[in-house]
Amino acid sequence: MAKLAIINRNLKRQKTVSKFAKTRKSLYDTINNSRLSGEERMQARVELQKLPRNSSPVRLRSRCTLTGRPRGVYSKFGLGRNKLREIAMCGKIPGLIKASW
């Protein structure tokens, strides 16, 4: 089980990312618009740098929803490899079976 503070920090980052998503998208559109003048694009870069650091989606970490484990997380299920195996062996995930050949 991961430390609760680290899990909560990641949840806080998720909220910050969703809060600033529209602003970040519009600034990126302005920066990538080649029809605008260089000054306008530079101003958009400055505004982008003023946004909180945790508003960037790159700073998010995928974690297991049950344990909070940061590594070995299957994004399709939102579970770590250990918990996914446990739940799959109990037959609680429809269509997921252990491979045999």
Side-chain angles (χ1 to χ4, degrees):
M1 185 80 184
K3 289 185 179 179
L4 194 59
I6 296 174
I7 295 171
N8 289 336
R9 184 188 310 155
N10 202 43
L11 292 174
K12 187 177 176 182
R13 282 183 181 153
Q14 286 176 351
K15 290 176 186 174
T16 309
V17 166
S18 62
K19 179 180 177 183
F20 288 97
K22 278 187 178 178
T23 309
R24 188 171 281 277
K25 173 86 168 84
S26 66
L27 287 173
Y28 272 120
D29 290 342
T30 305
I31 291 169
N32 294 327
N33 189 353
S34 60
R35 294 180 181 175
L36 297 176
S37 67
E39 292 178 7
E40 291 173 331
R41 294 168 72 185
M42 190 62 179
Q43 183 62 34
R45 279 198 183 108
V46 171
E47 291 297 319
L48 185 66
Q49 290 174 356
K50 288 181 182 176
L51 291 179
R53 190 174 278 176
N54 285 334
S55 69
S56 175
V58 174
R59 291 178 64 92
L60 290 176
R61 179 76 177 180
S62 60
R63 291 186 169 271
C64 175
T65 54
L66 297 179
T67 61
R69 180 181 166 84
R71 295 178 183 237
V73 177
Y74 287 84
S75 59
K76 184 175 182 179
F77 303 103
L79 297 171
R81 57 185 176 81
N82 302 331
K83 288 296 174 182
L84 180 67
R85 186 170 191 272
E86 281 179 23
I87 294 172
M89 290 297 171
C90 294
K92 295 181 180 176
I93 301 176
L96 191 67
I97 56 170
K98 186 176 177 185
S100 61
W101 59 89

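In what follows, residues are counted from 1 in the order of the sequence shown. What you see is a predicted model; the values in this text were computed from it and never measured.
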Participant: Roughly how far, to the nearest 0.5 Å, is CZ of Arg85 from SG of Cys90?
Facilitator: 11.0 Å
Participant: Which heavy atom of Ser56 sits nearest to which heavy atom of Arg24, and what is that distance?
Facilitator: N-NH2, 3.7 Å
Participant: Would you compute the distance between atom CG of Leu11 and atom CG of Leu60 and round it to the nearest 0.5 angstrom?
Facilitator: 10.0 Å
Participant: Side-chain polar contacts of residues 38-53 - donor-acceptor pairs under 3.5 angstrom, sequence neighbours left out - could you list them?
Facilitator:
from: Glu40; atom 1: OE1; to: Ser37; atom 2: N; distance (Å): 3.4
from: Arg41; atom 1: NE; to: Ile31; atom 2: O; distance (Å): 2.9
from: Arg41; atom 1: NH2; to: Ile31; atom 2: O; distance (Å): 3.2
from: Gln43; atom 1: NE2; to: Glu47; atom 2: OE2; distance (Å): 3.3

Participant: Tell me, please, which residues at least two apart from Leu84 pass side chain to side chain contact (heavy atoms under 4.5 Å, CB included).
Facilitator: Tyr74, Phe77, Leu79, Ile93, Leu96
Participant: Please report the interatomic distance CZ(Arg81) to CZ(Arg71), rounded to the nearest 0.5 Å.
Facilitator: 11.0 Å
Participant: With a cutoff of under 4.5 Å between side-chain heavy atoms, which Ile, Leu, Val, Met, Phe, Trp and Tyr residues group with Val73?
Facilitator: none
Participant: For the atom pair NZ (Lys3) and CZ (Arg9), what is the distance rounded to the nearest 0.5 Å?
Facilitator: 9.5 Å
Participant: Measure across Gly80 and Cys64 and return the closest heavy-atom pair with its distance rounded to 0.1 Å.
Facilitator: N-SG, 3.2 Å
Participant: Can you list everything that forms a side chain to side chain donor-acceptor pair (under 3.5 Å) with Arg59? Sequence neighbours excluded, please.
Facilitator: Asn54
Participant: Under the side chain to side chain donor-acceptor pair (under 3.5 Å) test, which residues partner Thr16, sequence neighbours left out?
Facilitator: none
Participant: Give the minimum heavy-atom separation between Thr23 and Ser26, together with the two atoms involved.
Facilitator: O-OG, 2.8 Å
Participant: Before you tell me yes or no, could you show the steps for Arg63 and Ile6 under side chain to side chain contact (heavy atoms under 4.5 Å, CB included), namely the whole-Å CA-CA distance, both residues' side-chain angles and the distance that decides it to 0.1 Å?
Facilitator: CA-CA 10 Å; Arg63 291 186 169 271; Ile6 296 174; 2.8 Å; yes
Participant: Listed by chain and number, what are the side chain to side chain contact (heavy atoms under 4.5 Å, CB included) partners of Asn82, not counting sequence neighbours?
Facilitator: Arg69
